[in-house]
Student: 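Sharing a structure, written as structure tokens. Questions coming.
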2 protein chains.
Amino acid sequence: MGARREGTETKARLRTEARDLYLDGGFAGFSLREVARRAGVSAAAVYRHFDSKEALMRDVCAAGFHIFSSYLLRALAARTPRERMAACAEQYLRFAVENPRDYRFIFMGAAEDFATLAPADTTESASTFHFLVDRVRECMQSRVLAKADPYTVAATIWAHVHGLVSLRLSGHFAGYGSDEEFARFYRAATAQLLSGLAE
Amino acid sequence: MGARREGTETKARLRTEARDLYLDGGFAGFSLREVARRAGVSAAAVYRHFDSKEALMRDVCAAGFHIFSSYLLRALAARTPRERMAACAEQYLRFAVENPRDYRFIFMGAAEDFATLAPADTTESASTFHFLVDRVRECMQSRVLAKADPYTVAATIWAHVHGLVSLRLSGHFAGYGSDEEFARFYRAATAQLLSGLAE
DNA sequence: GTCTATAGGTGGATAGAC
DNA sequence: GTCTATCCACCTATAGAC
């Protein structure tokens with residue numbers, strides 16, 4: 001039994017180390033050998049737990065989506081539609097700032113680094129979008145946003161926050177300095193957009 | 001002279017193949033050997049034109065920005081600040097639709113994969129940004145936009161159009177069907193943002 | 001300017017002992 | 001289940017002939 005638990009722990013450890021290695025150095029510095037090194041096992045041991053490098057990476061990526069969802073769901077804790085919408089924007093930012101490589105993987109085309117990963121991505125992003133449409137819809141019902149097609153408005157909002165975040169993560173907004181400075185700009189710009197959609 | 005022209009063409013060919021190889025297979029499948037193979041020359045020949053793998057990728061980036069600039073500059077032909085701003089948005093869209101691969105390479109993540117690419121890239125995007133700030137400024141002077149910090153407003157606008165375009169190009173807006181359908185949505189969403197910034 | 005050949009290296013995956 | 005040892009494919013970059 002002790003042996004069995006140790007095996008499971010090694011597998012989890014490999015997942016964690018693989019994720020961190022990817023998050024630290026991107027695809028460029030990623031290798032199974034280095035993952036094994038960090039996990040304190042030989043390279044060959046990895047193949048007792050995963051069929052291939054891709055199988056391991058698929059596992060890591062699923063974890064990225066899981067984290068993203070956990071951020072977004074916190075927005076439901078707010079009490080009014082308006083607050084839930086604001087919380088969505090805030091959680092979206094937090095996820096991106098605290099997990100930039102996960103963000104990039106999911107929304108900025110890094111998925112192409114791991115060829116066979118695309119399908120899950122499409123499914124997951126559709127459900128994320130649906131979540132946002134629901135928030136928009138309840139804002140319209142309580143007149144926080146002007147009535148319009150919820151899908152179009154949701155797409156506008158998503159594009160807005162994604163645009164801010166992705167330009168930031170790819171270094172084009174380097175002028176905003178610290179994460180806190182950028183966060184202030186993000187909040188101001190987003191509030192402005194929402195008030196523009198309210199009239 | 002014939003020889004000289006052929007050399008130039010080989011260089012351009014290498015640039016194109018490098019860009020497409022990266023966009024097709026991501027960082028994973030990228031190698032100078034494969035670029036050379038596709039261009040129909042030996043791997044060693046690449047080093048006659050570029051100092052290193054990174055130098056090649058920098059060049060690809062610069063070429064993309066050159067095309068991008070040519071689109072944006074056409075917006076100056078419009079006669080009023082308001083029309084120039086609208087033309088900016090339109091040319092931005094046109095560049096993305098007509099050169100999606102260049103757009104993706106420049107603005108959607110190649111920078112992080114090729115570590116030392118940032119410097120040149122940053123410079124180019126800064127001058128683009130400056131161009132937009134000027135358009136915003138003249139709109140504020142003629143009261144087409146409300147007075148505010150031009151940099152912040154320009155960043156908001158850029159993030160907005162980039163968000164729309166990049167989500168479109170990465171397939172997350174597949175629901176909008178044809179390019180024309182997307183263009184209509186893009187124009188409506190952008191007009192809405194600008195009117196929100198006008199009050 | 002392009003080639004072939006090669007140096008020098010990394011990494012995925014497997015074989016077989018323990 | 002983990003190890004060591006190994007195979008093999010592929011990579012960047014350089015040297016030197018043509």
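The sequence lines fix the lettering, A, B, ..., with proteins before strands; numbering per chain opens at 1.
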Student: According to the interplanar angle, ranging from 0 to 90°, do the rings of Tyr22(B) and Phe105(B) count as parallel (below 30°), tilted (30 to 60°) or perpendicular (above 60°)?
Tutor: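 If you compare the ring of Tyr22(B) with that of Phe105(B), the planes turn out perpendicular.
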
Student: Check Arg137(A) against Pro150(A) and note the closest heavy-atom contact, atom names and distance.
Tutor: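 So the minimum-distance heavy-atom pair works out to NE-CG, 4.2 Å.
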
Student: Less than 4.0 angstrom between a side-chain N/O of Ser31(A) and OP1 or OP2 of dT10(C), yes or no?
Tutor: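 For Ser31(A), the contact criterion (side-chain N or O under 4.0 Å from OP1 or OP2 of dT10(C)) is not met.
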
Student: Do Tyr92(B) and Phe185(B) sit in one hydrophobic cluster, given that two such residues count as connected whenever their side-chain heavy atoms are within less than 4.5 Å of each other, even indirectly?
Tutor: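 Hydrophobic grouping puts Tyr92(B) with Phe185(B).
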
Student: Taking only the side-chain nitrogens and oxygens of Thr10(B), find out if one of them lies under 4.0 Å from OP1 or OP2 of dT2(C).
Tutor: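 Indeed, a polar side-chain atom of Thr10(B) lies that close.
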
Student: Taking CD from Glu34(A) and P from dG11(C), how many angstroms apart are they, rounded to a whole number?
Tutor: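 My rounded result for the distance is 8 Å.
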
Student: Run the ring-ring contact (aromatic ring centres under 6.0 Å, His included) test on Phe68(B) and Tyr103(B) for me, step by step, so that the C-alpha distance in whole Å, both residues' side-chain angles and the decisive distance to 0.1 Å come before the verdict.
Tutor: CA-CA 8 Å; Phe68(B) 177 65; Tyr103(B) 188 95; 7.3 Å; no

Student: From CG of Leu56(A) over to C1' of dG11(C), roughly how many Å is that when rounded to an integer?
Tutor: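 Rounding to the nearest Å, CG of Leu56(A) and C1' of dG11(C) are 14 Å apart.
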
Student: Taking the six-membered ring of Tyr71(A) (Phe, Tyr or Trp), confirm whether the NZ or CZ of Arg74(A) is under 6.0 Å from its centre and within 45° of its axis.
Tutor: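 Here Arg74(A) passes the 6.0 Å and 45° test against Tyr71(A).
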
Student: Could you encode protein contacts along nucleotides 13-18 of chain D as a string, one character per nucleotide from 5' to 3', using B for base contact, S for sugar-phosphate-only contact and - for no contact, with a heavy-atom cut-off of under 4.0 Å?
Tutor: BBB---

Student: Taking CZ from Phe27(B) and C1' from dC10(D), how many angstroms apart are they, rounded to a whole number?
Tutor: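 One finds 14 Å between C1' of dC10(D) and CZ of Phe27(B), rounded.
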
Student: Atom CZ of Phe50(A) to atom P of dT14(C): distance rounded to whole Å?
Tutor: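 About 16 Å, once rounded to whole Å.
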
Student: Any side-chain N or O of Ser42(A) less than 4.0 Å from the OP1 or OP2 oxygen of dT4(D)?
Tutor: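 Result: no.
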
Student: Taking all atoms of both residues into account, what is the closest heavy-atom pair of Val153(A) and Met140(A), and its distance?
Tutor: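 Here Val153(A) and Met140(A) meet closest at CG2-CE, 3.6 Å.
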
